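Working notes for the structure below.
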Amino acid sequence: MSEQIFTTVGTRPIRHDGVDKVTGRANYGADLSLPGMLYGVVVRSPHAHARIRSIDTSAALAVPGVKAIITGQDVPLVDVKLGMGEGAMDLKDMSDNLLARTKALYHGHAVAAVAATSLAAARAAAKLVCVDYELLEPVLSVDRALEPGAPILHDDLVTQARPPIEATGPTNIAGRLELQRGDLAAGFAAADIVVERVFRTPTSHQGYIEPHACVARVNEDGRINIWTSTQGPFLVRDATAAMLGLDAANIKVTPSEIGGGFGGKIPVYLEPLAVVLARQTQRPVKMVMTRDEVFRASGPTSATKIRVKLGAKKDGSIVAASASLYYEAGAYRGSPSGAGAMCMFAPYNIPNFHIDAYDVVVNKPKVAAYRAPGSPMAALAIESAIDEIATTLGLDPVEIRLTNAVTEGNLAPYGPPYGPIGFRAVLERVKASDHWQTPVAPGVGRGLACGFWFNAGMSSSATVMLGSDGSAAVITGNPDIGGTRAAQAMMVAEELGIPVERVRPSVADTDTAGFTEITAGSRVCYATGMAVIEASRDVREQLRGRAAKIWGVTVDETRWEHGRVVPVTPSDARTPLTVPEIAAKLAKTGGPIIGRASVNPPMAGPSFAAHICDIQVDRETGVSKVVRYTAVQDAGKAVHPSYVEGQMQGGASQGIGWALNEEYIYSAAGVMENAGFLDYRMPVASDLPMIDALIVEVPHPGHPYGVRGVGEVPIVPPLGAVANAMSHATGLRFTELPLSPPRVLARLQQGT
Amino acid sequence: MKLHIDTTLNQEPAEFLCAPDETLLSALRNELGLTGTKEGCGTGDCGACSVLLDGRVVASCLVLAAEVQGRAVTTIEGIASGTTLHPLQTAFLKEAALQCGVCTPGFIVAAKALLDVNLDPTEEQVRYWLAGNLCRCTGYDKIVRAVLDAAANMRSTRA
Amino acid sequence: MTTNRYEAPGTVADALSVMAAHPGAMILAGGTDLLVQYQAGQRTPSVFVDVKRIPELMTIEADARGVTIGAAVAAADICAHPVIRAWWPGLVDGVQLIGSTQIQGRGSLGGNLCNGSPAADATGALIASGAVAHIAAPSGVRTVPVEQFVLAPGKTALAPGELLVSVRLPKPAARTADAYQRLIPRTEMDIAVASVAVSITLDPSGLCTAARVVIGAVAPTPLLVPEAGAALAGTTLNAAALERAALAASAAARPIDDKRGTMAYRTTVVGVLTKRVAAIALSRAKER
């Protein structure tokens with residue numbers, strides 16, 4: 001792919017929605033109120049595992065202001081799959097998660113919902129809903145879930161395995177994936193050094209600052225309006241329709257601005273409840289989760305146990321690797337254990353390997369995607385093992401990775417050969433970085449770790465409308481989490497050769513946007529961007545046609561030249577026409593111009609990242625501080641570098657929090673004890689240094705500009721980078737997160 | 001029985017009704033229609049509800065609405081002067097110091113309170129001052145740069 | 001259950017009247033503990049009694065013999081006061097650690113004391129400096145040394161109907177200084193896992209003549225540890241003396257295991273902090 005010259009792509013314009021956001025005018029999920037609106041509150045199970053014998057709502061219904069109460073009886077369970085991306089989403093589990101039908105499967109599981117004229121009345125009534133539970137023993141860890149005789153969460157659960165295995169009766173293993181290559185025994189036999197460790201990571205949450213919120217209204221003609229903070233308005237529409245047995249054509253979902261998602265706002269928790277309450281009460285219903293509910297009853301990511309065994313030669317080349325991954329799925333199947341397995345060895349050429357990955361149900365909230373789901377935990381394990389081998393052999397951490405790094409043509413562990421990829425380029429950039437070149441300060445430990453993420457493709461649509469003044473509007477259906485509206489405007493500006501300030505990007509609703517899949521998978525700049533580019537090129541072609549008309553020639557006699565159409569054969573009568581000049585004549589040359597495109601491209605081209613972490617540890621207290629941090633990543637092509645840097649810095653800080661202090665703390669009864677921002681300890685501004693973000697660009701040939709997904713891979717390296725830094729700071733290998741002060745001090749006191 | 005409160009809001013007289021146990025955050029959002037101030041946690045731990053109360057930055061989720069009788073409240077809606085952005089707002093845009101933007105109003109109000117008392121803070125002072133404002137998207141880097149940038153801008157304008 | 005009444009009395013007498021008329025009334029100063037507990041359903045007052053319109057509770061008075069800090073004065077004001085900063089830097093250490101900037105704009109000494117948390121950041125430094133609580137009761141005014149004020153988690157020496165009006169700190173003797181530190185996993189925002197406040201007095205030769213060591217978050221209440229003070233008194237706070245004080249502090253600790261720390265961790269760390277805080281107090285005292 002030749003080096004492209006860009007005029008707008010790669011610059012840093014002010015984002016178009018920025019003024020609304022810095023003035024507080026932008027409207028998020030909880031910011032809408034409608035006349036006559038009621039407030040909906042969910043009643044939640046106080047038990048981690050219990051059969052529901054009966055629910056008595058009579059006392060609650062008597063509370064003044066209460067207009068309706070629903071339970072699982074009001075929403076039939078559906079057995080439906082929703083097509084999504086490369087797979088299908090099983091709505092039966094999502095429906096049972098919405099409202100427990102027969103069993104409460106985690107502390108916080110929704111069992112009923114109340115609508116009342118005030119939040120206070122709804123909450124008072126919720127406390128009076130009387131549920132008769134038969135308590136069951138909760139299963140709170142992978143180890144327990146796998147024990148013979150352990151309580152079984154779902155009697156009808158069958159292990160979905162690839163390759164398939166024989167059914168074995170009641171089980172908590174929802175899924176198993178096995179990947180292998182070569183001859184494992186021979187590989188290990190040939191190794192000069194073998195390292196084997198077991199790693200554990202805790203349940204952790206995406207931590208978006210805006211809780212889930214929605215408003216639902218049923219119109220007099222039966223049409224339903226949903227306003228919601230979501231990563232996928234079309235998913236909300238289709239899942240709500242399927243779960244409630246409604247016609248999706250009668251549902252309009254308007255995405256609000258979204259205050260963070262990271263995967264956690266893909267599932268649907270509140271909207272169908274709000275719709276049912278709105279239907280029953282014939283009034284709009286607003287539902288907003290409290291922070292406590294967000295922790296207990298949305299979708300954190302899996303706690304994991306990962307065993308890894310690596311064999312290498314003295315020169316650092318890895319000859320064999322095996323791993324067993326056990327991921328907690330929460331109450332229903334669906335942990336990212338498979339993705340973890342596919343990513344774990346993806347950066348390295350390992351000739352002999354075996355991985356098995358288990359999806360295990362436990363009595364905790366059903367996990368949701370969290371930024372490169374499954375990959376960060378797996379990376380912790382492999383990157384720590386490589387670091388241990390490098391340290392033992394006296395090899396440089398970058399060099400050992402270069403020795404094993406995949407390049408174009410190598411096979412990914414999950415099958416296909418890599419196209420052009422940037423892992424080696426990323427490692428070279430690490431070597432050349434100021435951070436890596438600066439000697440480690442006394443009392444500080446330095447850690448390096450790398451990471452991989454596939455990046456999704458999936459379907460997107462875009463429309464570009466040309467104004468008669470030569471400005472343009474672009475419409476897509478992807479909620480803007482990180483600056484994608486700005487990037488889309490930049491793409492239109494680039495393609496049409498007009499100033500980016502004269503492009504108006506909008507995120508539309510499900511009635512006015514072409515179908516698009518979720519804002520997730522690091523796909524919006526790539527796939528929706530591709531649709532925007534193609535729609536812009538559609539406009540360009542039409543502009544050529546109009547110029548041809550104006551000049552009285554055929555379209556072949558016109559050429560596009562950044563911002564204007566030029567005649568192939570110039571003359572006095574045929575001088576180049578700029579976009580505004582052609583636009584001024586739209587009515588006379590055929591009417592308005594609208595460009596459109598829909599795409600369903602293959603996956604976005606994998607991205608690789610490497611992070612360097614310097615950590616200082618107080619050896620008397622175990623308290624640590626990250627004193628320097630650099631994130632290096634291959635972005636393919638950074639459309640708006642500031643927002644690419646932002647993804648890298650944000651992912652790094654989530655990973656740092658996960659590594660150092662974030663964890664769900666559970667009581668023996670399965671109740672989360674730290675369901676708030678005071679004791680679920682995410683990094684605050686004083687905890688972090690500036691995070692240097694170094695962008696490498698190895699263009700992805702599948703995209704017109706070379707764009708790769710950038711949003712997810714930044715969270716993959718930090719767990720390993722922090723753990724390796726801690727290891728070098730203390731001389732001890734850490735295998736259990738978070739590396740909170742008590743844990744670190746206990747190891748320091750132990751000395752091993 | 002609701003209380004009738006007279007206050008000064010964004011430099012204009014304002015009045016509203018509130019329940020005795022209603023928070024200032026709720027009154028701003030639900031009685032006064034000012035939804036720029038956000039609820040992230042309701043327990044004073046995230047700073048998304050930051051407002052200025054008699055010039056001091058506080059968590060409005062931990063202030064009773066009734067308390068602002070006769071006091072002065074400034075919200076994000078009162079930071080710009082008419083349609084002229086405050087240097088902090090301009091700096092946040094220029095430095096790309098927001099991604100999803102939900103924490104941004106709280107940060108701007110809190111940062112304004114800092115610059116009102118210290119127009120030349122160090123990076124460390126900025127970080128500790130803003131430790132009560134959580135951001136999950138940015139890792140704080142560009143936010144800190146924006147605040148330092150705004151401070152420099154305001155110092156040179158003042159000079 | 002909700003609280004349906006809010007009062008904002010303008011005098012101590014009026015506040016006492018409201019409290020007498022409404023058993024179950026609770027004092028609202030900064031609200032940074034009470035309102036959190038209210039939202040969580042842990043405390044439901046019959047009346048919110050907002051005391052921030054009462055002058056005695058909102059002022060800081062410094063005179064030749066000491067300083068009186070109104071119970072509802074916000075932390076930010078306490079930490080900005082030049083006399084407090086000069087005479088009790090350790091109290092400032094503690095007070096400015098109470099929560100974020102937003103909490104600092106509201107949270108008060110009185111609230112921190114009366115909330116009765118074992119981990120309260122202000123209480124330790126107040127005890128170390130010999131502070132005295134001034135209480136208004138229907139029968140008159142009474143005083144209680146702060147080290148006898150907090151009786152158990154959430155329980156204070158205030159009888160029903162009594163109001164904490166202010167805390168009085170006697171001017172420190174010559175060559176006296178205090179310091180406070182707490183252990184938290186992050187750099188800000190956390191509740192103390194362990195804390196230590198120390199006040200020491202030196203004689204002109206640099207020998208310590210008096211020392212008070214208070215440990216926090218490692219017992220049901222902040223604890224004055226006489227053995228730790230005794231380990232420092234009569235010494236130059238050399239390494240051996242600091243070590244003895246640390247051991248005494250750890251020995252006096254009676255911590256619990258909870259989501260913020262384990263017993264073993266807290267016991268170890270309180271000893272480490274004792275040494276560090278005593279060293280800071282020493283260097284401050286030397287400068288006086």
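Keep in mind it's a predicted model, so treat the numbers as computed, not measured. Keep in mind that the numbers below use all heavy atoms, side chains included, and drop hydrogens, waters and symmetry copies.
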Bottom line for Val19(A): the part with an atom under 4.5 Å from chain B's heavy atoms is both
Smallest heavy-atom separation, Val644(A) atom then Ala638(A) atom, equals CG2-CB, 3.8 Å
Considering only heavy atoms from C-beta outward, does the side chain of Cys18(B) approach that of Ile5(B) to under 4.5 Å? yes
In this structure, CD1 of Ile76(B) is separated from SG of Cys49(B) (nearest 0.5 Å) by 13.0 Å
Among Gly657(A), Gly646(A), Gly18(A), Gly676(A), the residue with the most heavy-atom pairs under 4.5 Å to chain B is Gly646(A)
Assert top hit (heavy-atom pairs under 4.5 Å, partner chain B, pool Pro13(A), Ala486(A), Pro211(A), Gly261(A)) equals Pro211(A)
Rounding to 0.5 Å, atoms CD1 (Ile481(A)) and SG (Cys100(B)) come to a distance of 8.5 Å
The interface call for Ala26(A) against chain B, heavy-atom contacts under 4.5 Å, is backbone
Does the side-chain contact (heavy atoms from CB on, under 4.5 Å) test come out yes or no for Leu28(B) and Leu9(B), once each step is laid out? CA-CA 10 Å; Leu28(B) 288 170; Leu9(B) 180 58; 4.0 Å; yes
Turns out that what part of Leu34(B) lies under 4.5 Å from chain A's heavy atoms comes down to neither
Most heavy-atom pairs under 4.5 Å with chain B, out of Pro683(A), Pro479(A), Gly651(A), Gly483(A), belong to Pro683(A)
Pair count under 4.5 Å, heavy atoms only, with chain A: among Ala97(B), Ala131(B), Gly132(B), Cys135(B), highest is Ala131(B)
**Prompt:** Can you find a heavy atom in the side chain of Thr8(B) that is under 4.5 Å from one in the side chain of Val73(B)?
**Reply:** no
Rounding to 0.5 Å, atoms CD1 (Ile518(A)) and CD1 (Ile266(A)) come to a distance of 3.5 Å
Between chain B and chain A, which N/O donor-acceptor pairs sit under 3.5 Å?
{"residue": "Arg29(B)", "atom": "NH1", "partner": "Asp31(A)", "partner atom": "OD1", "Å": "2.8"}
{"residue": "Arg29(B)", "atom": "NH2", "partner": "Ala30(A)", "partner atom": "O", "Å": "2.9"}
{"residue": "Arg29(B)", "atom": "NH2", "partner": "Asp31(A)", "partner atom": "OD1", "Å": "2.7"}
{"residue": "Lys38(B)", "atom": "NZ", "partner": "Asp31(A)", "partner atom": "OD2", "Å": "2.6"}
{"residue": "Gly40(B)", "atom": "O", "partner": "Arg291(A)", "partner atom": "NE", "Å": "2.9"}
{"residue": "Gly40(B)", "atom": "O", "partner": "Arg291(A)", "partner atom": "NH2", "Å": "3.0"}
{"residue": "Gln89(B)", "atom": "NE2", "partner": "Val22(A)", "partner atom": "O", "Å": "2.8"}
{"residue": "Leu98(B)", "atom": "O", "partner": "Arg15(A)", "partner atom": "NH1", "Å": "2.9"}
{"residue": "Gln99(B)", "atom": "O", "partner": "Arg15(A)", "partner atom": "NH1", "Å": "3.0"}
{"residue": "Gln99(B)", "atom": "O", "partner": "Arg15(A)", "partner atom": "NH2", "Å": "2.9"}
{"residue": "Gln99(B)", "atom": "OE1", "partner": "Gln647(A)", "partner atom": "NE2", "Å": "3.1"}
{"residue": "Gln99(B)", "atom": "NE2", "partner": "Gly646(A)", "partner atom": "O", "Å": "2.9"}
{"residue": "Cys100(B)", "atom": "N", "partner": "Ile481(A)", "partner atom": "O", "Å": "3.3"}
{"residue": "Cys100(B)", "atom": "O", "partner": "Tyr28(A)", "partner atom": "OH", "Å": "2.7"}
{"residue": "Gly101(B)", "atom": "O", "partner": "Tyr28(A)", "partner atom": "OH", "Å": "3.3"}
{"residue": "Val102(B)", "atom": "N", "partner": "Tyr28(A)", "partner atom": "OH", "Å": "3.3"}
{"residue": "Arg127(B)", "atom": "NE", "partner": "Leu688(A)", "partner atom": "O", "Å": "3.4"}
{"residue": "Arg127(B)", "atom": "NH1", "partner": "Ala685(A)", "partner atom": "O", "Å": "2.8"}
{"residue": "Arg127(B)", "atom": "NH1", "partner": "Leu688(A)", "partner atom": "O", "Å": "2.9"}
{"residue": "Arg127(B)", "atom": "NH2", "partner": "Pro689(A)", "partner atom": "O", "Å": "3.4"}
{"residue": "Arg136(B)", "atom": "NE", "partner": "Gln206(A)", "partner atom": "O", "Å": "2.7"}
{"residue": "Arg136(B)", "atom": "NH1", "partner": "Glu662(A)", "partner atom": "OE2", "Å": "2.9"}
{"residue": "Arg136(B)", "atom": "NH2", "partner": "His205(A)", "partner atom": "O", "Å": "3.0"}
{"residue": "Arg136(B)", "atom": "NH2", "partner": "Tyr370(A)", "partner atom": "OH", "Å": "3.4"}
{"residue": "Arg136(B)", "atom": "NH2", "partner": "Glu662(A)", "partner atom": "OE1", "Å": "2.8"}
{"residue": "Arg136(B)", "atom": "NH2", "partner": "Glu662(A)", "partner atom": "OE2", "Å": "3.3"}
{"residue": "Tyr140(B)", "atom": "OH", "partner": "Pro683(A)", "partner atom": "O", "Å": "2.8"}
{"residue": "Asp141(B)", "atom": "OD1", "partner": "Gln649(A)", "partner atom": "NE2", "Å": "3.4"}
{"residue": "Asp141(B)", "atom": "OD2", "partner": "Gln649(A)", "partner atom": "NE2", "Å": "3.4"}
{"residue": "Asp141(B)", "atom": "OD2", "partner": "Ile691(A)", "partner atom": "N", "Å": "2.8"}
{"residue": "Lys142(B)", "atom": "NZ", "partner": "Glu645(A)", "partner atom": "OE1", "Å": "2.6"}

Taken to the nearest 0.5 Å, the spacing of Asn153(B) CG from Leu148(B) CG works out to 12.5 Å
Applying a strict 4.5 Å limit to non-hydrogen atoms, the region of Pro689(A) in contact with chain B is backbone
Ranked by heavy-atom pairs below 4.5 Å to chain A, first place among Ile79(B), Ile143(B), Leu93(B) goes to Leu93(B)
Rounded to the nearest 0.5 Å, the CG atom of Leu62(B) sits from the CD atom of Glu67(B) at a distance of 10.0 Å
Heavy-atom closest pair (Phe16(B) atom, Val68(B) atom, distance to 0.1 Å) is CZ-CG2, 4.0 Å
Closest non-hydrogen contact found for Ala151(B) with Leu115(B) is CB-CD2, 3.7 Å
If one checks every heavy atom of Leu98(B) against chain A at 4.5 Å, the contacting part turns out to be both
Turns out that what part of Ile258(A) lies under 4.5 Å from chain B's heavy atoms comes down to backbone
